[in-house]
Each structure stands twice: as C-alpha cells, then as structure tokens.
Amino acid sequence: MPPIASAQSQPVARTVLPDPLYYLANFQRVIQRVYERYDDLLSTEEQDFYRRLQLLSGDAQALYVRLLTRKGPLFRTSKLRYQEISDQSQAVADLVAQQLVIQPSEINLLDTFPLFTKQEWLELLPGAAAQRLAKAALVPLLQSLPEPVQTIIEQQGETLIQLNSSEHFATFCLLYFSNGRQDLTEFVLRDLGVYRYENYSLARATRVFTHREQIDKMLAYYRLRDVLDDLASLSREEILALNTQLPAIACSQQQDKCRGNTLVQRRIERLRLRLARQLERLEAWQDALALYRQCQQQPSCERQVRILHRLAQHQAALKLCQQMFDSPSEAEQTFARQFHPKLLKALGQAATKPAPPALNEVQLFLTAGDSPNVELAAAQSLSVSGDCFYVENTLFLSMFCLVFWEAIFADVPGAFSNEFQTGPHDFYEEDFASQRSQHLESGWRKLEHWQRAPDDLIQVAEQKHGIATPFHMGFMPAPELLKLAITRISLRHWQIIFERLLRDLKENRNGLPDLIYFPNTGGYELVEVKGPGDRLQKNQLRWLHYFAEHQIPCQVAYVQWQ
DNA sequence: GCGTTAAGAG
DNA sequence: TTCACACCGTCTC
DNA sequence: GACGGTGTGTCTCTCTTAACGCCA
Ligand SMILES: [Mn+2]
Ligand SMILES: [Mn+2]
C-alpha cells in the first residue's frame, strides 16, 4: 500500500537549486512553449486549460504543479504543506474556481483507502480483532459500515481534493518532448547535473507533429499501451477487440513521410505486433497472421513464415521467405537463408543448408570462483599476457559517437525540437548518413588524425564524458583503453566497423564481442566469451561473420570451469 | 525492532 | 525501456 | 546438440522517510 507522505518533515540538506519555485518555472516553460508552437493544433479543451492556468495566482499554479508531480488524483490537504506556497487555502480555492481541482462530493472507499493509514482506519473499527489483520483485509469490514469515508474524513478533520485536467498537461508534455516518456523531472535532473545534454542548435527547431490527428493517435497509443500491460491475461476476443481500437495506420491527411507520421505509425505497429504475438501464444494462428500482415516492421515477416510453416502451408511460407532474401535488414536475410532449407525439405525438394563461415573458436579452462562472471574471469586470465577490457558494445559505440559527434548533433532540419534529446530525431532512419555526408566526411578525417595524435582523442573523450548520446547516458571509456584502441586498431578496421554501424544503427548497435584484448606482442583481438550453457546470439553471429569476412581478429572463447 | 517497498524531492 | 544471459522444452540427427 | 521461447537482472538519479508486515 502506498505510504502517506509526511508534510511535517523538514527538508534535509541536499543539492540546492537556486530558485525554490524551480518546478513552477519548468512547468511554465513547457506550457508556454507548447502553446506558442502548437497553437493551431491544440483542442479547444487544451486551449481552455491554458487559459485557466493563466488566471491562477502564483501560489495556485505552484500547488497545481506539486499535485501534478505527486501520486493522485486524490489528496489530503493536510498532507500538502510547502514552504514556498504562502497561502495554501487560497491556492486551493483558486484551483477549485478554475476547475483544476475538484472537491469530490462522493468518494469511493477503494480510492480513499490508500490515503489513510491502517491505524487511522482502525479507529473506525472497534475491538482488538481487526488490529491483527493486514491492512487490505480491513476493506470488507469497512464496507459494512454506513459511511466509512465520510466518517474518517470528519474524524481526522480532513479535506480531500482531486486533481483535475492532468491529462491536458500530459498532452503538453508529449508535445514538448515529442514523446510520452520524459516529463518535468528532466529539467531537475539536468539542472542537478545528473543528465547532461549536448548543446546542439535549436535555432531551426520545428514541431514534430504536424496534424492534430497525429497527436490524437499518440495519445491513443499511450492509453492502449497501458491497457496492454496485462496482455497475457487477455482472451483472443479481447485482443481482437483491442486491435480494432488501434488507430488506423494511414493518416487521413496525405501519407506524408514526415516525422510525426512515421513516429505514430511505428508506435501503433509495435502494439499490433505485440497483440499478434499474444495471439500466437493462444494458438489463434489465422488471427495472428491477419495482424502480422498489417505490419511492415520486424519481426512481422519472420513470424508469418513461422506460422505458415507450423500450419503446413509450405508454399506460402516459401514465397514469403524468398521475398525476405531481398530484405534491407541483414537479420531478416539471415533468417530467410537459414529457414529456407527447412521449407524446401517440407516440400520434398532437395535442400542444402548453407555452411556457416568458420569462426575462430577456442576452449578456455578457468578455475571457478575467481570472478563473479565469466567475462571478467576470462579477461583476467588473458591479462597475464596483455591488456584486456570488458567492453561489449560500449567501446565501438562510444568511439562512433566521438568520431561522428558533429554529424550526430548537426543542425539538420527536423533533427532537434527540444533541449532534452540524446540525439537527432532521425538517428535511426535510413537517410541519417546521407543527410550528413559532409559532417561524416570530416569525422573520417578526424579518425585518421586521432590515430596520429591519440591524446587529442583522449582530450575530446574527456570533454564529452557525461554527455548523453543516442546509445547511452554519457559514459566514455577510460583513456588507457582509448589510447590502446586508437593505436592498435588499424584505420581500415575502424572504417569497416563504422561502415557496418552506419548501414543500420538500430540493428547493429548491439552484439559486439565481450572483450577486447591487446597482447603484449602487439595488435588486438576481439573475444566473445561463452560460459557453459550459453550460445552465440544472432546479432553476435552477424558481427562475428562480418569480422571474419574482413579479417578483423576475433575469437569465441568457450569457458569451462575446472 | 527490522527489512521491504514506495512516495517524494531536488 | 535495452541488452545479454540463463534456463527449459521440443525437435532433429 | 540445435533451436525457439521465456524469464531475469541490469539498466534506472540518489537520498530520505514512512507505512507495513513479520518476527522476536
Ligand atoms: Mn556479453
Ligand atoms: Mn558472452
């Protein structure tokens, strides 16, 4: 059960923000910016929401923001006490006048129950018997009383208020951040220095959503996503009903290739993919197929092929599988090649499984208990003859960001719309590179330069350390590692790796080997460690095959404990 | 009392 | 809201 | 053994406090 916040406790010493009304300033910034930028796309309710906010006193606005950032929607006014709000009663009255807060007349016991402590509820239940029960077990006892909520409110001398119109603020946040994930805490964490964002240009910032329809679909998406939290408990009929609630894919406006449209479309498709996957679990194959056919994104095709195979519709499966040979996605191509023989065999045709390229595989015998995990144990054993680092994706992704920093944060139209972005909106789009060819060129030259002047790389890494990138929240590899990497890995190898990353940042940003090993004898080697029972994953295989194809030194080390 | 969990806040 | 691993059951050789 | 599917821990900002349930 949610605990009740204490209003009496005094704030403890902590990092201090200069303005005690910092949260109000942040709130106003969001509201104002969205009101200006999305003026013509706001509904009349949202416009009115803005207007009502403007009519509030400072105290009332501040209190409203406090309520927005606390768990509600019901509050005990006695639990709201803020130093910077001088007249709380007046603030509440102002909010009530603008309908931003409601004084509820009739309140459900179940909604009120969490607001009061077990002790407080027990005052309504005479006798020692109830004392021993768990708090939740008091509910049926309280329900048998005439007016439990009214009684406890009077007994505690309490006033309850209910936050209203908070959904409009959620919409404003969606428009400010262009997603439903970030909120006012972004401002605080940035001001505290927890998050640091690159100081990219917002001079040409534009809005992401261009039609009201996109906004409504985004809002519908977030509502439905919450419903899908307990997807596993839904029946086939319920899932199909949810599917019909998904907004139509195509915007009735022309199907622009603008960001807003693609964003909405992909979000909704991801929900449909989840629904289809659940239909598979329920063995509703035809329904699942029907939903998958409406989806462009992965793994739609793969799932369809698998279902058709399971339904013994091998011709249809084969046809779709062969189409996947030409997929722009390497992952889809690989799946198609591997699944193809199975289908041919099912159709009675001769099938030859493509021999996978040979990998450099070795056994590594380690004594158990040295280290908490296999990767570190393997790294430790390799360290006797060189330097070894447990890097996984971090080394190459961080280096990618450092090398192409100017490209990533370049002032490309439509790339940035607010100050809390880890990267441009089109980072994972196909034309990310072509939109920034000049900047990428200078990145390649910078890489060459850093090979001759590693200290320059280390200096830039230090400078960018802590700044959020599309891949992670700002961690850069240690200088020793950077220096070894930039000097031991040849320019050609860097190019080969970065070219693959640039081909498909989303698909190739993972699966890089666990370790990088720099032997004392020179050179380097990438090492994927596999403990007993672990196997190479598909994304790891794709990288390893690519490395093998381009003579990039790598091996798979199978650890056996001794 | 003690450990767990969650709210709240900067 | 990501990524990599651990584990389990089934199919195949 | 290969392979698919699923669960899990890890990310998560960090710190303080209160409520709750369990145990002695
Ligand atoms: Mn790993
Ligand atoms: Mn590994």
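This is a predicted model, so every value here is computed, not measured. Throughout, a chain's letter reflects where its sequence line sits, starting with A, and its residues are numbered from 1.
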Show me the donor-acceptor pairs within less than 3.5 Å that the side chains of residues 347-363 of chain A make with the rest of the protein, sequence neighbours left out.
unit_1, atom_1, unit_2, atom_2, d
E361(A), OE2, Y558(A), OH, 2.8
Q363(A), OE1, Q560(A), NE2, 2.5

For this session: Give every residue pair that meets the salt bridge (charged side-chain N to carboxylate O under 4.0 Å, His left out) criterion with at least one member in residues 273-282 of chain A, sequence neighbours excluded.
Result: R277(A)-E280(A), E280(A)-R303(A)
Problem set entry | Qualifying salt bridge (charged side-chain N to carboxylate O under 4.0 Å, His left out) pairs with a residue from residues 538-547 of chain A, counting only residues at least two apart or across chains | E507(A)-R542(A)
Problem set entry | Of the listed nucleotides dG8(B), dT6(D), dA6(C), the one nearest the side chain of K71(A) | dG8(B)
Seminar exercise, completed: Regarding the side chain of N539(A), the nearest nucleotide among dA4(C), dT1(C), dT2(C) is dA4(C)
Every protein N/O within reach of nucleotides 11-14 of chain D N/O, cut-off under 3.5 Å:
unit_1, atom_1, unit_2, atom_2, d
dC13(D), OP1, Y195(A), OH, 2.2

List, with names and distances, any nitrogen or oxygen atoms from the protein found under 3.5 Å away from nitrogen or oxygen atoms belonging to nucleotides 11-13 of chain C.
unit_1, atom_1, unit_2, atom_2, d
dC13(C), OP1, K345(A), NZ, 3.3

Exercise. So what's the dot-bracket for DNA chain D: Watson-Crick or G-U pairs under 3.5 Å, [ ] if a pair crosses, | if it pairs off-strand?
Worked result: |||||||||...||||||||||..
Problem set entry | salt bridge (charged side-chain N to carboxylate O under 4.0 Å, His left out) partners for R29(A), two or more places apart | E419(A)
Problem set entry | Partners meeting salt bridge (charged side-chain N to carboxylate O under 4.0 Å, His left out) with K464(A) (sequence neighbours left out) | E198(A)
Exercise. Does the distance from a Lys or Arg side-chain N to an Asp or Glu carboxylate O, for R306(A) and E302(A), drop under 4.0 Å?
Worked result: yes
Exercise. For L189(A), what residues pass the side chain to side chain contact (heavy atoms under 4.5 Å, CB included) criterion, not counting sequence neighbours?
Worked result: V194(A), Y195(A)
Exercise. Can you list the residues that meet the ring pair (Phe, Tyr, Trp, His ring centres under 6.0 Å) rule with F172(A), with sequence neighbours excluded?
Worked result: F49(A)
Problem set entry | side-chain hydrogen bond (donor to acceptor under 3.5 Å, both in side chains) involving S165(A) - partner list, sequence neighbours excluded | R52(A)
For this session: Kindly write out the residues that satisfy side-chain hydrogen bond (donor to acceptor under 3.5 Å, both in side chains) with N510(A), not counting sequence neighbours, or none if the list is empty.
Result: N539(A)
For this session: Establish, with yes or no, whether the OP1 or OP2 oxygen of dT2(C) is under 4.0 angstrom from a side-chain nitrogen or oxygen of R509(A).
Result: no
Problem set entry | Distance, C1' atom - from dC11(D) to dC2(B), rounded to whole angstrom | 29 Å
